[in-house]
Protein chains: 2
Amino acid sequence: MAEGPTSVWSRPERGARGPAPERSREQLTAAAIELADEGGLAAVSMRQVARRLGTGPASLYRYISARDDLLDLMADAVTGEIDLDAPMSGDPVEDLAALAGRAKEVHLRHPWLLDLPTEPTVGPRGMDYLEHALRALEPTSLPQASRLEIIGLVNGLVTLFARTELQRRNTPDGPGRARTSYLATATEERHPLIAAALAASPGTEASQDTHVLFERMVRRVLTGLVELP
Amino acid sequence: MAEGPTSVWSRPERGARGPAPERSREQLTAAAIELADEGGLAAVSMRQVARRLGTGPASLYRYISARDDLLDLMADAVTGEIDLDAPMSGDPVEDLAALAGRAKEVHLRHPWLLDLPTEPTVGPRGMDYLEHALRALEPTSLPQASRLEIIGLVNGLVTLFARTELQRRNTPDGPGRARTSYLATATEERHPLIAAALAASPGTEASQDTHVLFERMVRRVLTGLVELP
DNA sequence: TAATACTGAGAACAGTGATCGCAGTATTGA
DNA sequence: TCAATACTGCGATCACTGTTCTCAGTATTA
């Protein structure tokens, strides 16, 4: 009765009996990613994907068993955009930081990645990524158990900084930007420190280039974790 | 024509003319939080909230103008659960770390917080929280512009560690736990390092208590940011 | 008292993910 | 060679979602 919750990756793409499918998971994924790049995750509905492929919604369920499968496929596909062929220096901190930088670029290119519900299942490309990250950590003497956690932490920093960079990009800068948020109102009296922090126009010094902050942060966290027990 | 995108906080809860409303935003919020605590964010549908309040879905729109408003209200309400009355030591790192720890507890108590789409609008309780965090940073000589960013970073660490703690909690431990994920399969040959990392049973040393890792990480990041330029 | 501005809520709409069942087609085994 | 088998495509449809329309009822204001 109770079918085990199998991921897309463990189900075969097609059977061996019937007529050849007219489409492929890869095509579904590509169409979905296009839609998401253009209109966000909300634009990735079964009907929209189907329309873009010139078919009906029901047909998609021959390739995937739920919309979530599609999201997993999308995430894994763009993970494949991370270049893993760049040579490694041998310095774990340096190599992981570089990898994180490339991962962040992918997030900036596909902002919908941040809207995915709780980290998607890791697929083949995700496996390659993980293996690569572990290889960067190989020169260290870290206990096996904590290596995956460190990578998870770095990935978290990636999403964290990607998020702030994206919302900064979408915020029309200049000191006179429209502060529609509640932050603007009723600040002076009950929240003097917030008022002071907001008064300082953004774009000053340390606040300017979040990417260098990102690099610095990742290196700092990594050196701390890699060198100490 | 184009109504400015006003948040819930800037709209009055009720007009002054008609009959007194039979319910309040607070009641809607409480009902929604109950539903979310029980069945996740997906359980918070207009109909479910309405049913719990003994009314129809349409009536809810007298109190909020969209479901997103409800999510904002929920987030702000549970932000209010963070205790801001604990005395501060005067050490910025220590005080912010303590605050972060209390914020993490709230995330563990309300896991749906992690599923909220892109950080909700900051409401009154969020303002108090922010002000409190800024007060902790007051003894430092940090430029105004970067203070908010540091707090954002700490909040990011909170969600990051809350996420890993939650999914560890939901993973039945023991070495023989069912690895339904793709991680288990086809690992040995093409991904030897992943295999090695997985072979080491979790629950060893550094991997054990993520909370101490969290505390250490927050302190490390903060000391690095607070002391340096 | 009349005008006004509100509240409650049933009905309905467009859009969502997903399922069922059936016609058509390629592969298999006898 | 030829049924049996296992698949594909997909129209129709279901349950559910957020949201709006509309209108009767009610409290406040002038």
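We name chains A, B, ... by the order of the sequence lines, and we start the count at 1 in each one. The figures that follow rest on heavy atoms only: side chains count, while hydrogens, waters and symmetry mates do not.
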For residues 106-115 of chain B, please give each side-chain donor-acceptor pair under 3.5 Å, one per line with the distance, not counting sequence neighbours.
| unit_1 | atom_1 | unit_2 | atom_2 | d |
| --- | --- | --- | --- | --- |
| B:H107 | ND1 | B:A103 | O | 3.1 |
| B:R109 | NE | B:E81 | OE1 | 3.2 |
| B:R109 | NH2 | B:E81 | OE1 | 3.2 |
| B:H110 | ND1 | B:D37 | OD1 | 2.8 |
| B:H110 | ND1 | B:D37 | OD2 | 3.3 |
| B:H110 | NE2 | B:E81 | OE1 | 3.0 |
| B:H110 | NE2 | B:E81 | OE2 | 3.0 |
| B:W112 | NE1 | B:D37 | OD1 | 2.7 |

Between CG of B:L53 and P of C:dA9 the distance, given in whole Å, is 11 Å
Not counting sequence neighbours, which residues clear salt bridge (charged side-chain N to carboxylate O under 4.0 Å, His left out) with A:E131? List them please. none
Going by atom types only, do B:T6 and B:S10 share a side-chain donor-acceptor pair under 3.5 Å? no
In 5'-to-3' order, the base (B), backbone-only (S) or no-contact (-) status of each nucleotide in nucleotides 16-26 of chain D, using a 4.0 angstrom heavy-atom cut-off, is -BBBB-B--BB
A:Y63 side chain near D:dT8 phosphate (N/O to OP1/OP2, under 4.0 Å): no
Round to a whole Å and report the spacing from CZ of A:R14 to P of D:dT8. 7 Å
Output all residues satisfying side-chain hydrogen bond (donor to acceptor under 3.5 Å, both in side chains) with B:Y129, sequence neighbours left out; order by chain, then residue number. B:N155
According to salt bridge (Lys or Arg N to Asp or Glu O under 4.0 Å), does anything in residues 48-65 of chain A pair up with another residue at least two apart or in another chain? List the pairs. A:E34-A:R52, A:E38-A:R52
Side-chain N,O (A:T55) to OP1/OP2 (D:dC10) below 4.0 Å: yes
Nearest nucleotide by nearest heavy atom, which residue falls closer to the 5' end of DNA chain D, B:A16 or A:A20? A:A20
Can you list every salt bridge (Lys or Arg N to Asp or Glu O under 4.0 Å) pair that touches residues 16-32 of chain B, not counting sequence neighbours? none
If the cut-off is 4.0 Å, is A:S59 near the phosphate of D:dC10, judged by side-chain N/O to OP1 or OP2? yes
